[in-house]
Amino acid sequence: GPRRAAGAMTTDNDAYLADLMMQLVGLDLTSGDGRAGAGAILREFEVLARGSVAGMRAGLARRRAGASLLAEARQPDA
């Protein structure tokens, strides 16, 4: 799809980001082409929603460490 303006928080942009996420679902990440496609989609996503991929990565790291993603289980920053 066409590239959207970076940082534009619009309904159209949100719909485009949702479409990008759905494209990730159908990729075969066991193939080189699938991984390359996923990388391209994630780069596009990061351009449009700065910090989103880093935030997802941090959330996954916390989850792997056993921390809950639920807000009520989060520890306040000290």
**Report entry** Any residue meeting side chain to side chain contact (heavy atoms under 4.5 Å, CB included) with L42, in chain and number order, not counting sequence neighbours
**Finding:**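 Counting only residues at least two positions away or on another chain, L42 forms a side chain to side chain contact (heavy atoms under 4.5 Å, CB included) with L24, V53.
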Query raised in the report: For A36, which residues count as a side chain to side chain contact (heavy atoms under 4.5 Å, CB included) partner, sequence neighbours excluded?
Result: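 Scan of A36 (side chain to side chain contact (heavy atoms under 4.5 Å, CB included), adjacent residues dropped) gives none.
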Requested in this report: Can you sort out the partners of T30 under side-chain hydrogen bond (donor to acceptor under 3.5 Å, both in side chains), two or more places apart, ordered by chain and number?
Outcome: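 Expected list: D28.
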Requested in this report: Tell me, with the steps shown, if Q23 and F45 meet side-chain contact (heavy atoms from CB on, under 4.5 Å).
Outcome: CA-CA 11 Å; Q23 289 177 39; F45 203 92; over 6 Å; no
Requested in this report: Heavy atoms only: give me the nearest R35-L29 pair and the separation to one decimal.
Outcome: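 Closest approach of R35 to L29, heavy atoms only: NH1-O, 3.0 Å.
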Query raised in the report: Which value, rounded to the nearest 0.5 Å, describes the distance between I41 atom CD1 and L27 atom CG?
Result: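 The CD1 atom of I41 sits 5.0 Å away from the CG atom of L27.
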